[in-house]
Visitor: 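My questions will all concern the structure given below.
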Amino acid sequence: MVTPLDDKTRATVTACVPALEAHGVAITTEMYKRLLADPAISALFNSAHQKNGSQPTALALAVLAYARNINSLDQLGGMVERIAEKHVGLNILPEHYPHVGQALLGAIAQVLGDAATPEIMDAWAKAYGFLADVLISRESEIYKAHETAPGGWAGWRPFTIQNRTAESALVTSFELVPTDGNPVMAHKPGQYLSFSLTVPGQGNQRRNYSISSAPNGRSYRISVRRAEKGLVSGWLHDSAQVGTEVQVSAPAGSFTPPSPQSAPIVLLSAGVGLTPFIAMLEARAAAAAHGCPASAHAPLQYIHGTDTPQTEAFGALVRDLAAKGAIKADVFYTHSPADTLTAQATPGTTVHAGRITPDWVRANTPADALYYLCGPECFMQDMMTGLRAAGVPEERLRREVFGPATTLDDALNAA
């Protein structure tokens with residue numbers, strides 16, 4: 001049982017909100033500088049997020065959200081769950097938390113200087129300890145659930161690449177099977193895997209990739225876009241071959257459709273953001289193959305944006321499901337003239353030239369739909385802002401954040 005914070009501590013933390021608004025990123029930048037000085041701790045973090053500054057920003061937003069909601073911590077349930085799921089995927093353990101606490105408190109003291117009074121430092125030590133206990137408790141539950149699930153495991157498990165498939169000009173899929181030949185736990189469509197990879201000359205790297213296949217008990221599939229100057233995506237595309245072994249943690253994440261589904265669902269993606277949705281589409285296809293008619297499911301609409309037909313991944317799967325009436329599909333090609341797209345239109349799939357806009361989405365989707373969004377940050381922010389402005393309630397908007405949260409809304413509400 002986690003001991004609640006006392007009134008004095010909560011009042012002191014609340015009084016620090018203006019300082020966090022002004023100096024939060026400076027504090028977390030200094031904190032990461034201290035953490036990354038320890039090689040054993042630095043290996044736990046995605047180096048790309050350190051180089052572009054997104055990780056310190058994300059943590060600053062999370063700390064600010066924590067301080068603002070210290071008197072109503074139930075508002076932080078989504079943020080806590082997302083952090084716990086990420087931590088489990090990366091195999092964060094209780095013994096790691098003291099290192100983080102020491103770095104955070106040291107950073108607060110250095111950045112705030114004389115303003116970091118003994119009272120403030122004591123309050124933040126208690127506040128961090130409380131949050132650490134909450135996360136450790138929840139992470140322990142997730143680890144136990146993973147370890148006891150059929151085909152499940154805790155920690156890193158060796159997997160071998162069984163197949164590689166080029167899905168488009170930019171995206172390659174990797175089918176992964178356990179090296180020990182034993183079954184795998186059933187994931188929920190929309191979840192992701194975390195990887196510990198050794199890239200020659202670059203050391204250990206940690207990454208998360210959405211599972212792009214339906215549960216089958218035997219394997220998982222990830223589909224990776226080659227990112228410009230992408231350290232890990234480049235290694236996967238150029239060097240990871242059939243037979244290459246990688247270390248994988250159990251499926252995690254809460255970006256999953258409700259079960260049973262009652263309201264219509266809209267899957268809204270751009271680029272490689274389609275990967276969690278492909279798992280959802282394959283699961284629907286598997287249900288149909290086992291005699292479950294489309295009418296037994298809530299309506300599902302797939303809306304996807306990509307540059308050209310050559311960059312579209314999984315187009316054949318989408319069109320097959322749409323032709324069978326299992327889904328309704330709309331595909332937008334941002335760099336293809338309308339008069340060149342006739343061949344891309346098939347029964348159940350409508351093609352469009354140009355970009356997806358929030359106004360189009362709102363006008364062409366069910367009024368009571370649940371929206372699931374995944375894609376580049378600018379795409380998701382544009383969609384979220386536009387759909388909110390169009391009157392879609394917050395509880396009907398879900399999004400997956402590939403990297404660290406970059407807005408306070410993401411810190412609080414991302415799945």
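Side-chain atoms are counted along with the backbone in the values below, which use heavy atoms only and exclude waters and symmetry mates. Quick caveat, the model's predicted, so the values are computed rather than measured.
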Visitor: Would you call the rings of F255 and F277 parallel, tilted or perpendicular, where under 30° means parallel and over 60° means perpendicular?
Guide: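 Plane angle between 30° and 60°, so tilted.
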
Visitor: With a 4.0 Å cut-off, would you call R138 and E141 a salt bridge?
Guide: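 A salt bridge is present here (some side-chain N lies under 4.0 Å from a carboxylate O).
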
Visitor: When the ring planes of F174 and H237 are compared, do they come out parallel, tilted or perpendicular, using 30° and 60° as the limits?
Guide: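 Because their plane-to-plane angle is over 60°, the rings of F174 and H237 count as perpendicular.
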
Visitor: Do any N or O atoms from the side chain of S137 and from the backbone of D133 form a donor-acceptor pair under 3.5 angstrom?
Guide: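 Pair absent, no side-chain N/O of S137 close to backbone of D133.
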
Visitor: For D7, give me all partners under side-chain contact (heavy atoms from CB on, under 4.5 Å), at least two apart in sequence or on another chain.
Guide: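 side-chain contact (heavy atoms from CB on, under 4.5 Å) list for D7, sorted by chain: R10.
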
Visitor: Going by atom types only, do T179 and E245 share a side-chain donor-acceptor pair under 3.5 Å?
Guide: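 Short answer, yes.
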
Visitor: With no hydrogens and no angle check, do the side chains of Y333 and E312 hold a donor and an acceptor under 3.5 Å apart?
Guide: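 Checked: Y333/E312 side chains pair up, N/O donor to acceptor below 3.5 Å.
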
Visitor: Between H87 and Y97, what is the ring plane arrangement, given parallel below 30°, perpendicular above 60°, and tilted in between?
Guide: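 The arrangement is perpendicular - the two ring planes meet at more than 60°.
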
Visitor: Going by the side chain to side chain donor-acceptor pair (under 3.5 Å) test, name the single residue among T306, T308, D307 that passes it with Q310.
Guide: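 Exactly one pass, corresponding to T308.
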
Visitor: With a 3.5 Å cut-off and no angle check, do the side chains of T334 and R355 form a donor-acceptor pair?
Guide: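 Not at all, the side chains of T334 and R355 share no donor-acceptor pair under 3.5 Å.
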
Visitor: Give the ring-plane orientation class for W360 versus F332, where under 30° counts as parallel, over 60° as perpendicular and anything between as tilted.
Guide: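 Perpendicular, since the angle between the ring planes exceeds 60°.
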
Visitor: Looking at residues at least two apart in the chain, or sitting in another chain, which of them share a salt bridge (Lys or Arg N to Asp or Glu O under 4.0 Å) with R34?
Guide: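 Expected list: E30.
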
Visitor: Quick one: salt bridge (Lys or Arg N to Asp or Glu O under 4.0 Å) partners of E21, sequence neighbours excluded?
Guide: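 Partners of E21 by the salt bridge (Lys or Arg N to Asp or Glu O under 4.0 Å) criterion, ordered by chain and then number, come out as R68.
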
